[in-house]
Amino acid sequence: MSRVPSALAGIALVIAAVACFAMLDTTTKFVSASVPILMALWFRYFFQAVATTATMLPVRGLSVLRTAHPKFQCLRGLLLMLSSLFAFLSLKYMPVAEFTAIGAIVPLVITLLAATALGEKVSALRWSLVVGGFVGTLIIIRPGGEDFTWTLLLPLGMVVTNTGFQVLTSRLARTEDPITMHLYTGWVGTLLVSTALPFVWTSLPSWSLWGWLVLMGAAATVGHFMLILAYMRAPAATLTPYLYAQIAFAMVGGWIAFSHVPDRWSLAGMLMIAICGAAGAWLTARESRVLNQFNVRPAES
């Protein structure tokens, strides 16, 4: 397969994946008004775990469960489950588009982590993009403003846990099968949330809610699977700028489902985050091309 068609296929898959994630978030906000958060979270993970197992196990056999790092797989599943919990709580209290934009600063937080904790050299331009992303977040949250409540801080918990998840994923992806990783995240999340399920389970007031829960689980499962397929076809530096299309999809979902349109300050913050994040991805792509041009390989850590 030539590089250009493969990259185009990867881009198309990423856009389809973030559309699924926007649908997941919009459905989650709708469901959270009638279904306990932990019950909805359990269904989201249970659907993913069962669907992925039923699809992959007959094709790959038990070998798909083989991993050299079971402890890290479990830690990765824990981090994603906590990230999802913060996301579900956030969506209960704040609009979909604003929540999505705050979540989009994860790549910028990873840059900050690389500079401070991992000792990597970060250019002044990258630092300015990190600062710009955080300024955009503050514009959306507006601490001290009339509309500020503590619930607006919940997405920051998601950012922290998702950053850990992404860093660990990048390490495991060097040696682990992505389908194996997908299976472990589904089952680890399901088992962890199952411990609380007897205390939160309740009968649903409408059978239609079961349909929305199925849609929520399907959107999460299909979205993550498309993302895996995308990264199998194109490098992360090529695909990352297109992840920010989720903000636009989230705005459309929030408008259709809840008639919500972000105010001008929120729109400004969201635009700043998207520009800084996409510019950071462009820098990564440019640096990768320079390394390849001169046949330079980054040092293994």
Side-chain angles (χ1 to χ4, degrees), residues 13-14 16-32 34-67 69-89 91 158 161-162 165 168-169 172-173 176-232:
L13 285 165
V14 159
V18 298
C20 287
F21 294 148
M23 182 184 296
L24 165 65
D25 291 341
T26 305
T27 308
T28 297
K29 183 171 181 61
F30 177 79
V31 166
S32 65
S34 306
V35 181
I37 293 293
L38 289 177
M39 182 176 168
L41 185 64
W42 177 85
F43 196 91
R44 172 255 184 271
Y45 275 98
F46 180 73
F47 190 100
Q48 175 184 325
V50 172
T52 307
T53 302
T55 304
M56 291 294 120
L57 206 58
V59 177
R60 303 279 296 275
L62 293 176
S63 62
V64 75
L65 300 174
R66 192 175 299 123
T67 175
H69 304 286
K71 291 182 180 179
F72 287 135
Q73 293 282 11
C74 291
L75 176 59
R76 181 174 175 274
L78 171 63
L79 287 170
L80 184 60
M81 188 278 293
L82 290 174
S83 178
S84 298
L85 177 59
F86 278 115
F88 276 46
L89 288 169
L91 287 164
M158 183 206 65
T161 51
N162 195 257
F165 170 78
L168 189 55
T169 297
L172 288 175
E176 296 288 301
D177 185 335
I179 302 299
T180 300
M181 295 166 67
H182 193 49
L183 269 171
Y184 272 94
T185 53
W187 281 113
V188 169
T190 300
L191 293 173
L192 287 172
V193 184
S194 292
T195 59
L197 195 61
F199 304 100
V200 298
W201 188 272
T202 184
S203 59
L204 300 183
S206 169
W207 280 101
S208 64
L209 283 173
W210 287 107
W212 289 110
L213 285 171
V214 169
L215 178 60
M216 187 179 69
T221 304
V222 173
H224 280 287
F225 190 64
M226 284 185 172
L227 206 57
I228 289 171
L229 294 177
Y231 284 111
M232 291 172 65

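Side chains are part of it too, since the values below use all heavy atoms of this structure and drop only hydrogens, waters and symmetry mates.
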Hey, what's the ring geometry for Phe43 with Phe47, parallel, tilted or perpendicular (30° and 60° as the breaks)?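 It falls in the tilted class, 30° to 60°.
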Nearest non-hydrogen partners of [X] and [Y], listed with the distance:
X	Y	answer
Thr190	Ser194	O-OG, 2.6 Å
Met181	Arg76	O-NH1, 3.2 Å
Val31	Ala40	CG1-CB, 4.2 Å
Met39	Val200	N-CG2, 4.0 Å
Phe165	Thr185	CE1-CG2, 4.2 Å

Nearest 0.5 Å, what's the [atom1]-[atom2] distance between [X] and [Y]?
X	Y	atom1	atom2	answer
Phe30	Ser32	CZ	OG	10.0 Å
Leu78	Phe72	CG	CZ	13.5 Å
Leu89	Thr28	CG	OG1	11.5 Å
Leu183	Thr53	CG	OG1	4.5 Å

Do Trp187 and Val50 have side chains that approach each other closer than 4.5 Å (heavy atoms only, starting at C-beta)? yes
Test side chain to side chain contact (heavy atoms under 4.5 Å, CB included) on Leu80 and Tyr45 and set out the steps. CA-CA 10 Å; Leu80 184 60; Tyr45 275 98; 3.4 Å; yes
Is there a donor-acceptor pair under 3.5 Å between the side chain of Thr52 and the backbone N or O of Ala49? no
Begin with the C-alpha distance, continue with both residues' side-chain angles, and end with the deciding distance and a verdict on side chain to side chain contact (heavy atoms under 4.5 Å, CB included) for Trp42 and Leu38. CA-CA 6 Å; Trp42 177 85; Leu38 289 177; over 6 Å; no
Return a table of donor-acceptor pairs under 3.5 angstrom between the side chains of residues 210-230 and protein atoms on other chains or two or more places apart.
unit_1: Thr221; atom_1: OG1; unit_2: Gly217; atom_2: O; d: 2.8
unit_1: His224; atom_1: NE2; unit_2: Arg44; atom_2: NH2; d: 3.3

Yes or no on side chain to side chain contact (heavy atoms under 4.5 Å, CB included) for Met81 and Val188, after CA distance, side-chain angles and deciding distance? CA-CA 8 Å; Met81 188 278 293; Val188 169; over 6 Å; no
Which side-chain N or O atoms in residues 201-209 pair as donor and acceptor under 3.5 Å with protein atoms at least two apart or in another chain?
unit_1: Ser206; atom_1: OG; unit_2: Ser208; atom_2: N; d: 3.2
unit_1: Ser206; atom_1: OG; unit_2: Ser208; atom_2: OG; d: 2.7

Using distance alone, with no hydrogens and no angle criterion, decide if Arg66 and Thr180 have a side-chain donor and acceptor under 3.5 Å apart. no
With sequence neighbours left out, write down each residue that passes side chain to side chain contact (heavy atoms under 4.5 Å, CB included) with Thr195, or none if nothing qualifies. none
